[in-house]
Every structure is written in structure tokens, then in C-alpha cells.
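For reference, the structure is listed below as C-alpha cells.
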Amino acid sequence: MTMTAKPAPAPAPSGAAPGGGLLDRVLKVRELAIAVVLVLMLLATQLDNSAFLSEQGIKDLLLNATILVLVGVGQATVVITRNVDLSVGSTLGVTAFAAGEFLRGGGNPLLAVLIAVALGAGFGVVNGLLVSLGQVPALVVTLGTLYIIRGLDSIWFGSRQITAADLPAGFVSFGRDGLGALPYLAVLTAVVLAAAAYYLRNYRSGRDMYALGSSPEAARLAGVPVRRRILAAYVLCGALAGLAGALYLARFGNVDSGTGSGYELTVVSAVVVGGVAFTGGSGSLYGAALGALLLTSINSVLPSIGVSSVWVQAIDGTLLLLAIAVDRVVALRVAAVLRKRAAQTRSAHHD
Amino acid sequence: MPDPVPERTPVLALEGVSKSFGAVRALRDVSLALYAGEAHALAGENGAGKSTLIKTLAGVHRPDAGTVLLDGVPVVMHGPADARDAGVAVIYQEPTLFPDLSVAENIFVGRQPRRSLGRVDHRAVATAAAALFQRLGVDLDPGRPARGLSIADQQLVEIAKALSFQARVLIMDEPTAALTGSEVARLFGVVRALRAGGTAVLFISHRLEEVFALCQQVTTLRDGALIASEPVAGLTEDDLVRRMVGRDLDELYPKAHSDVGEVALGVRRLTREGVFTDVSFDVRHGEIVGLAGLVGAGRSEVARAVFGVDRWDAGEVRVDGRPLRPGAPSLAMSAGLALVPEDRRAQGLVMGMSVARNINLTGLGGTSRAGLMNRAAERSRAADWAVRLQVKYARLADAVGTLSGGNQQKVVLAKWLATGPRVLIVDEPTRGIDVGTKAEVHRLLSRLAADGVAVLMISSDLPEILGMADRVLVMHEGRLVAEIPRAEATEESVMAAATGRTRSAA
């Protein structure tokens, strides 16, 4: 295991990853594991109920996942920096309503989406500034903004409601239709996911987020602009929650001041199930997206195999604990492998 | 200061710099000039202000008074990024790596080579890291995560990081503490090459012979104040020690005679797969046994297993004849075993907790009643031990993290001595602490042995092993390869065994 025996391959295979090697293989395995669980679950359900994976069935699965995936991508970015954003549910609710109000007044649908995104990003700025400047735990700060934003929602909209009848037909059909089994919303979500994941992987500022989540003190000493990066992660998270709000409106057409309540916890579980470590610095956005897809799919799977939906929450919780247990076991195994490898290097060195 | 070329401008300099943290005056009116192509040593006991000075140069601290000069021009550095941009590379005493990132990424964080559209060129990152390791002559996979690297390997990654940007000023805070002889030699080779290329070097080491080997100029600090700044040529080690401690050292290795008694710690055929194999030895009451070997030979791992932190796969450990259960530190403690671990920051102390609380962590049973902690008992126990070990602190309630390295080490020792151990295992007891404290620790170990405690001392500091141990055990690649009595132990005989050149089996 000398360096000369292992030069960086020039025409390397696809997707040369950061650093390559063991680190990346483990991450890939972690994501692969979720994907395998997901596929097995869907196939088993299909065997039990052959109508499950029909065109409409697949479309429903994807549609159900889109909003959770979007918010999960933002949340995962924040969690990677060793922070958390609990205000995403409130942000989703208030941005959905704001977009709905704008559309009810005859506004342009595209502009409505942009308004939702900008509003969400604005909340992200507030969260990001409070967390990065205040040096207060993100959990507490965003718990505060969770209530404040929800409060604004109630003050602003009171007991009013928005229904599909208030919205332009094109906007509503955009939320429901698609190219065959592929809903427009899923396409949009996939594009956002790919862009965000590419950014985190291939840009210095994205790598900085992993670095500062892994060790904030080391990041400071290495000259990483810690505050700016944390702020950026929160702005991204807020903007995606805003986008998710607009898409929620398009998909369901029905928004009131309670929309998105409690959603933050679902998002956090999706992210953790997807292998993004709560201690920061590791995990990927694709993992988080797969975690979201897995959680929403369970909601569809259970009814179609005849299990009462009262089981959903208990199963989600079990999955969460299982995911953490698997992470722990994998971490121990990797440590053992590294140990053994070090021993080999040592003896090879001796020869 | 006699200067061959009087008009030279220092690359980086401090002028009349003072810095206080609360009531502690870490630096008082200190000046320092680093010239291109010159290696400058910074000497001083722990707590003398060396770390603060380095962090001031590195942009981490801003001076309360005085100026930082870059090429003779006063500058204000707002953070480490400013210093980095000015060409100042720092290797800190405690490695500051990102455990989740690959080794290659660790080296290039924030400075990754980029390709089109500002994207990070991952392949170039890996290649550049491999090239750096080759230059340092190190076997490290750039793709592996930094998590789980030994301290020596972490230090090597830090060194690679510092080399990776063509630094004009290279600051090294104890870079050699964890390195083996050959790694030190290679590092010095690289540093000399950099110096020849015009880099200014600031070097801190407690190994004075390294100061003499590498540096032309030496600045000595004591209690935050500048004592002397002078050429190394013409100085002796004794001169330097006298400047650092302000007095003559009676003796650095005060080995007292003690009566050796029964076997206190018996280890038989202890094995932990892939880590160490078939390790057997005894330590008797009243005896100091040195455990030598290169970094990574498995010494600390044996200590951890004996104490029950890690499990062992086969073998037996007895304390005063009674077998210990594997993997049970609390049982080991009640059997009279104490372990002062190698890494005091991560393993020995809770940095954010007070001095008193840290000392009492090992004695919660003795200072609590009906499950409730008795503050008064806790305070008096802590004060008692802190005074006995002459720990310098402002208040017992201060966080341990605010103390200097040497004083932190004393707190760890106090914490374990307070348990009244019959067998004391100390792992690198004087690493990174100053000469004065070192002598105190040695005196303490000697006194403990005289009182009948069995001491097992792991150390990479050969003079320490030779000066303090009654017998020297040597490990090489996970095996105990030699047992050398005090009379026959020399640098040559121990190093020969440690590097696997002789196999006079124990």
C-alpha cells in the first residue's frame, strides 16, 4: 500500500468522488442500503397487490415524495453543517398561504412560486443570522422561529382557507399532471436535488459545509468562513421550504393556517433515515432524498397491503431507530477495517 | 540583536504585543522577528505564552496592544483566513482535522484545486495529496477518512497541509511530539529545504536537541514576557533551560531508590487481534517499569486493554494476584488500577468542567452521600490534590480548558492519584509539558514508587525512560520484544529493540 502503487487514475470511471476510496464506498453502501430496502418493499407490495405499481400508482408514490424530498434536501444541508432547522414546517405553511393569496388575487403563477421561494429564503436569513451570530444551539433558535413563523401565519391568515377553486387551473394541473408516470413536480424536485447535491460535492463552499459540520473548531482554524456557510445553508433550506410550500399548494390546492404543522419532525426523520449524521459532516443529499422516498412510500404501502394506517407512525419510528443502529454498526465495522489495514501497512512497511 | 545584514526586513514580526484573557496576562510587550530563510525557535515552559503568540501570528487572536508587521507594514488580521492569505502556515500542537473528510480533503480545505466553473477538481486534490505524502515519505491513503488516524499520522497530515501552500512563514507548534525518529529526520529535511528556499520558520519543541539541530535564532518567553532573543550558536542546553525556568534544574530525572516488593500487576499472553499479540510482563510494587517502542507499536493499546477500556481477545490480567474481568474499567479501578491516558484533552479531562469536578470524577462514590454530591467534600478533596501537585490555577471552579498543558496534565494525575492506586499506568506522562513540570512529574512518580505503588510508564521520550525506569520493556509491531534491566538500558539497546533489529525476547 504505497502511494506509488496507487496513483490517481487518469481516465477514471464515472463520478470521481471527493477523495475516492473507503470513505466514499461506505457512503455509497449506506445509500445503496436504503435503495435496496425501498425496492424490496415496493416489489413485495407489488407481489401482494398487482395494482400497486401501475402508472397511477408510481405517479402517486413520486408525487407524495416530492415535497418531503425538497424540504429534506434543505434540511440535510443544514444538518451536514451540524445544525438543524425546525422552522421548515411553519415556513412551508406560511409560504403556501402567501402564494395562494397572491394567486387568488389574480397573480402570475410563476411569480407566486418565486414569492414563496423568496419568503422562505427570507426566513432562512433570519434563522441563519440568529444561529451563526448568536452562538446559540440551532435547536433552540429554530424552535423559537418555528413558533414565530407559525404565529405570523395565524395572525396573517386567521381562519381563512384557500381551496383549489381559488387557484388558476393551469397551476393546479401542474401540481397533478406529468409526463406519463412522471409528475412535473417530481421532475422539478429531481433537478433541484441534483443541482444541490452537485453543489455540495463540487464547490469549495459546499465542501466547507461538510468540513465545518465535521469539526467547527478545525474549520475556524482552517480559515473557513464559518458564519457565511451556516447562513448559506439556512438560506438554501428556507428557500427550498418556500418552494415546497408553493408546490404543496399546487398539489393539494388546499391550505389553511395549520398547514405544515409538525412537518419538521417528518423531515428530520427522513434525513436521518437517509444516513445524514446528526453530528454533522457526513451523509449526502441523495441519501436524504431516498430516506424521504422510503418514508412516504411506507404510507402508500401499508394501505395497499391491508395494514391499517394507524401503524404508520410506529413503523416510521422503528425505521428511524433502525437507521441509527445500522449507522453505528457500520461505523464500528469501518473502524475495524481501518485498524486492520493500518496493521497490514505496518507489516508491509516492515518487509 | 546582532544581525549579519542590518537592513533586512522581517517577513513577519510582532512589536510590543500584549494579550490578556480575563485576568491572565498571556503576553506582555513581546517582540519577535521572523526572517526569510531563517529557522527561529520559540522556547519557554508551558504557560509561558507560546501558544498565544502563535495564535496571534496566525490571526486567531488579535493583540490588545502592539502591532503585527507583515514585510515591515503593520497589518490587522481579522481571522485565520487573513493569515493564510498572507502566506502564514501553522501546524498546531493538537491536530485540527475533519474526521469525516478524506485525508486529501483535509489538506486542501478551502483551497482545493479547481477546474472549469469553479468546480473542485477532486482528482487533482488526491494527486496533490499523494505527491505531498511522497515528499514526506509517508504511507497514507489520501482517500481514507481522517477519523481513526493515530496522532502521529494526524500530525503528518497537518504537516502536509502546511507544506501544501507555498508558505512564506511556517509555524510549527510541537510538530515532533508524536513522531518517530525517522519521521522527525524526514520532517527536518523538508523544513531545511523550505528554509533554503526562503521560508521563515518558527519552531517550538520541548526537545531542546531539536532546537539546536534546526534553528539559528531562539527567543525565550517566561510568564508571558520576553526573556531573550539570541543566536543559537554559542548557547548550551543548560543556558536555554535556565532562561526558560529562571533557575537551575536540580535534576530532571530524580530517580529515588525504592524497595521492590511482590508482583502487583501480572499480564499473561494478552492478545487483541490485529493490535497486539501475546504480551506478558509483571510490574512489582515499588518499581517503575518503562514501556518503550515506536508510536503505533501497540503500547497505549495494551494499557487500555489492561485497564479495561478495550476488550482483549485472549490472555489474563491479575492485580495483586486476583484476575481482572476484561472490558470493565470500574472493576479495574476498584482493584486499585489507575490509567493516566495519553491524550489528556480527549481522554483525560472534561475540558469544559471545573478543576474541582475533573479531579473528583474518579471519586464520586467517596464524595457523595445517598447519591447526592457533597460539594464541600468535593472541594476539599480537589483542593488537597491540587495543592499537593502544585497545580497553578486561579480558582478551583475554573474550567480545566483554561489551564496550560502542564497544569492540565497535573490535574489528570491528581484525578487518578486521588483514588489511591496500587498500580499506576501513565501513558506519555510528560508529552507536551515544560521542563519544570516534567521534573515535578518525575519526582512525583519516583515518590509514588517509593511508597510502594507499581508504576508502568509508557513513553516515547527515551531519556525519560532511561532516567526513570527500573526495567525497560520494548514493544515492536504489537509484540513485546525485549526486557532490558536498568543497568543495560541505553539509547542504542532500546532503539534496536524498538525498530525490530534485535529480538531478545522477553
Tell me yes or no: between the side chains of [X] and [Y], is some donor less than 3.5 Å from an acceptor?
X        : Y        : result
A/Ser284 : A/Glu31  : yes
A/Tyr234 : A/Thr142 : no
A/Tyr203 : B/Arg114 : no
A/Arg229 : A/Ser132 : no

Do B/Val103 and B/Phe133 pass the side chain to side chain contact (heavy atoms under 4.5 Å, CB included) test, and can you show the C-alpha distance, the side-chain angles, and the key distance before you say yes or no?
CA-CA 11 Å; B/Val103 164; B/Phe133 287 142; 3.4 Å; yes

Would you mind checking which part of [X] comes under 4.5 Å of any heavy atom in chain A, side chain (CB onward), backbone (N, CA, C, O), both or neither?
X        : answer
B/Arg84  : side chain
B/Phe108 : neither
B/Leu97  : backbone
B/Arg111 : backbone

Check each atom of A/Tyr198 against the heavy atoms of chain B and say whether the ones under 4.5 Å are side chain, backbone, both or neither.
side chain

Where on A/Ala277 is there a heavy atom nearer than 4.5 Å to chain B: the side chain, the backbone, both, or neither?
neither

Spell out, as yes or no, whether a donor-acceptor pair under 3.5 Å connects the side chain of A/Arg220 to the backbone of A/Val226.
no

Best-contacting candidate, A/Gly223, A/Ala211, A/Gly281, against chain B by heavy atom pairs under 4.5 angstrom:
A/Ala211

